[in-house]
Amino acid sequence: MMILGWKKRYKEILNEFKYAEKEDKESAIILNSILKKTNVNKKIINLIKGKTVLVIGSGPSLASAIPKLKNYKKIVKIAADSSIKPLVANGIIPDIIVTDLDGDVKTLEKIGKTKCVFVVHAHGDNIEKLEFVKKFKNCIGTTQSTPFDKIENYGGFTDGDRGVFLANHFQAKKIILMGMDFGDQIGKYSETKRSDRKRKLMKLKRGESLLKWLSSFTKAELFTTSKAIEGFKKISYKELDIIIT
Ligand SMILES: Nc1ncnc2c1ncn2[C@@H]1O[C@H](COP(=O)(O)OP(=O)(O)OP(=O)(O)O)[C@@H](O)[C@H]1O
Ligand SMILES: Nc1nc2c(c(=O)[nH]1)N=C(CO)CN2
Ligand SMILES: [Mg+2]
């Protein structure tokens, strides 16, 4: 089942970025054919339902978030794509990774067979990367088009905001953003080529607006330690310590 109102937003994304829905669908069909039937959904429910979860992105505040994250060993961490390289390098293994497979391949390979759950997004521009999911022990697939068979659509666009939509879908009690500084500065850990910067900023804008939309209907309490974002309560790291303990 798709989140109410997603179709309209997806059409806007197709128009803005000139993506072809047909290609998104083709990609999802390929991912579906590679994935095995699993009980990974149950694992995600156990990790998220009724819990406080952190969603970690690659914005500028990721650098200051890393020392804090080292202390939060038991809190569920949902990490977006390119944030996993600095996280893993600092000994922080996320519980869930949301990726369209354009992050650091070596890091993905390193933790592919751990208990980490991979939520892999198939879209028209990553078809040639989908084979990589064979390296993951725990993996589910998503699409931004219509879900079917093993392929889900929880809503969201960029890896980071899809992490928040995932946490909403699986009924997290509290969702706290770290390194999610939507705005006009691309974080240094984000693997964005110079030539892709303009498009990346457009993607971040779209991600931010989707999170504002989510804040209008989610039952989860929303917080951010990153740059202020409408609908999320801005908290300091000190306040985060209190919320988490
Ligand atoms: N200022 C920021 N710079 C970079 N990433 C940010 C920023 N603020 C939030 N994020 C989140 O961090 C996530 C991870 O960054 P990453 O560069 O891996 O993006 P991505 O979604 O994989 O983008 P794409 O696949 O289009 O290149 C983004 O999806 C985004 O939601
Ligand atoms: N077709 C298509 N869809 C996407 C793309 C992309 O590059 N192409 N990038 C995304 C996250 O950054 C999410 N969705
Ligand atoms: Mg990505």
Side-chain angles (χ1 to χ4, degrees), residues 6 9-28 30-31 54-65 77-88 94 96-105 107-108 118-130 132 141-145 153-167 175-212 214 224-229 232:
W6 175 252
R9 282 160 181 88
Y10 176 45
K11 294 278 174 255
E12 287 168 9
I13 289 168
L14 290 173
N15 276 335
E16 181 178 6
F17 292 89
K18 305 283 173 268
Y19 297 147
E21 179 167 14
K22 189 171 162 278
E23 289 171 13
D24 284 344
K25 281 183 182 290
E26 276 167 15
S27 184
I30 294 167
L31 181 59
L54 301 173
V55 177
I56 307 161
S58 298
S61 72
L62 177 58
S64 66
K77 298 172 200 76
I78 302 174
D81 224 350
S82 59
S83 71
I84 66 164
K85 187 177 178 187
L87 289 175
V88 172
I96 299 175
I97 290 171
V98 181
T99 176
D100 61 353
L101 302 172
D102 61 358
D104 182 57
V105 175
T107 308
L108 286 174
F118 292 82
V119 179
V120 173
H121 194 59
H123 59 62
D125 295 287
N126 70 353
I127 293 177
E128 77 287 355
K129 296 192 172 129
L130 296 174
F132 202 84
T142 60
T143 179
Q144 52 210 16
S145 180
N153 181 347
Y154 304 120
F157 179 49
T158 71
D159 294 322
D161 65 83
R162 266 186 286 112
V164 182
F165 277 82
L166 178 90
I175 303 172
I176 305 170
L177 307 185
M178 299 183 85
M180 295 275 282
D181 317 277
F182 296 97
D184 48 17
Q185 215 188 327
I186 300 170
K188 68 174 177 188
Y189 297 114
S190 169
E191 288 169 30
T192 307
K193 286 185 233 129
R194 261 191 173 277
S195 54
D196 293 341
R197 281 184 63 86
K198 200 172 153 218
R199 219 168 158 73
K200 180 71 176 192
L201 291 173
M202 283 164 64
K203 285 184 171 183
L204 289 178
K205 244 204 170 108
R206 184 55 72 163
E208 180 176 12
S209 101
L210 288 171
L211 289 185
K212 278 186 209 160
L214 178 131
T224 184
T225 64
S226 327
K227 197 165 171 283
I229 166 167
F232 288 67

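Order of listing sets the numbers, starting from 1, for every ligand and every atom in it.
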For a 4.5 angstrom cut-off between non-hydrogen side-chain atoms, does [X] reach [Y]?
{"X": "I175", "Y": "V55", "result": "yes"}
{"X": "Y10", "Y": "S145", "result": "yes"}
{"X": "D104", "Y": "S82", "result": "no"}

Ignoring hydrogens, just give me the one of [options] whose non-hydrogen atom is nearest [atom].
{"atom": "atom 1 (N) of ligand 1", "options": "Q185, R162, H121", "value": "Q185"}
{"atom": "atom 4 (C) of ligand 2", "options": "K200, H123, R206", "value": "H123"}
{"atom": "atom 14 (N) of ligand 2", "options": "Q144, R162, H121", "value": "Q144"}

Angle class for the F157/Y19 ring planes (parallel below 30°, perpendicular above 60°, tilted otherwise)? tilted
Identify the closest protein heavy atom to [atom]: which residue and atom is it, and at what distance?
{"atom": "atom 31 (O) of ligand 1", "result": "T158 OG1, 2.8 Å"}
{"atom": "atom 22 (O) of ligand 1", "result": "D159 OD2, 2.5 Å"}
{"atom": "atom 28 (C) of ligand 1", "result": "G160 N, 3.8 Å"}
{"atom": "atom 12 (O) of ligand 1", "result": "S58 N, 3.0 Å"}
{"atom": "atom 6 (C) of ligand 2", "result": "Y19 OH, 3.2 Å"}
{"atom": "atom 2 (C) of ligand 1", "result": "G59 CA, 3.4 Å"}
{"atom": "atom 11 (C) of ligand 1", "result": "M180 SD, 3.8 Å"}
{"atom": "atom 9 (N) of ligand 2", "result": "K203 NZ, 3.1 Å"}
{"atom": "atom 17 (O) of ligand 1", "result": "S190 OG, 2.6 Å"}
{"atom": "atom 27 (O) of ligand 1", "result": "D102 OD2, 3.0 Å"}

Keeping [X] on the side-chain end and [Y] on the backbone end, is there a donor-acceptor pair under 3.5 Å?
{"X": "R199", "Y": "F17", "value": "yes"}
{"X": "D24", "Y": "H123", "value": "no"}
{"X": "S58", "Y": "S83", "value": "yes"}
{"X": "D100", "Y": "H121", "value": "no"}
{"X": "D161", "Y": "E208", "value": "no"}
{"X": "T225", "Y": "L177", "value": "yes"}
{"X": "S61", "Y": "G179", "value": "yes"}
{"X": "K18", "Y": "N15", "value": "yes"}

If you measure every N or O of [X] against every N or O of ligand 1, does any of those distances drop under 3.5 Å?
{"X": "D181", "answer": "yes"}
{"X": "P60", "answer": "no"}
{"X": "G187", "answer": "yes"}

Near D100, which atoms of ligand 2 are under 4.0 Å from a heavy atom of that residue? 9 (N), 10 (C), 11 (C), 12 (O)
Taking only non-hydrogen atoms of G124 and a 4.0 Å limit, the atoms of ligand 2 in range are 1 (N)
What atoms in ligand 1 come closer than 4.0 Å to a heavy atom of [X]?
{"X": "D100", "result": "22 (O), 25 (O)"}
{"X": "K203", "result": "24 (P), 26 (O)"}
{"X": "I186", "result": "3 (N)"}
{"X": "S82", "result": "15 (O), 16 (P), 17 (O), 18 (O)"}
{"X": "D161", "result": "31 (O)"}

Looking only at N, O or S atoms, find the one in [X] nearest to the Mg ion (ligand 3) and name it.
{"X": "D159", "value": "OD2"}
{"X": "D81", "value": "OD2"}
{"X": "D102", "value": "OD1"}
{"X": "D100", "value": "OD1"}

Quick one: does ligand 2 sit under 4.0 Å from the side chain of [X], the backbone, both or neither, non-hydrogen atoms only?
{"X": "D24", "answer": "side chain"}
{"X": "D159", "answer": "neither"}
{"X": "F157", "answer": "both"}

Indicate yes or no: does an N/O atom of D125 lie under 3.5 Å from an N/O atom of ligand 2? yes
Which one holds for D196 and ligand 1: side chain close, backbone close, both close, or neither close, with close meaning a heavy atom under 4.0 Å? neither
Mind checking the [atom1]-[atom2] spacing from [X] to [Y]? Nearest 0.5 Å is all I need.
{"X": "M180", "Y": "L204", "atom1": "CE", "atom2": "CG", "result": "9.0 Å"}
{"X": "R206", "Y": "L201", "atom1": "CZ", "atom2": "CG", "result": "14.5 Å"}
{"X": "L31", "Y": "T142", "atom1": "CG", "atom2": "OG1", "result": "7.5 Å"}

Closer than 4.0 angstrom: is that true for some heavy atom of K200 and an atom of ligand 1? yes
Is atom NZ of K85 surrounded by more than 12 heavy atoms (other residues, nucleotides or ligands) closer than 6.0 Å? no
Is it true that atom NZ of K188 has more than 12 heavy atoms of other residues, nucleotides or ligands lying nearer than 6.0 Å? no
Any donor-acceptor pair under 3.5 Å linking the side-chain atoms of T99 with those of D81? yes
Exercise: identify the closest heavy-atom pair between F165 and G155: CB-O, 3.2 Å
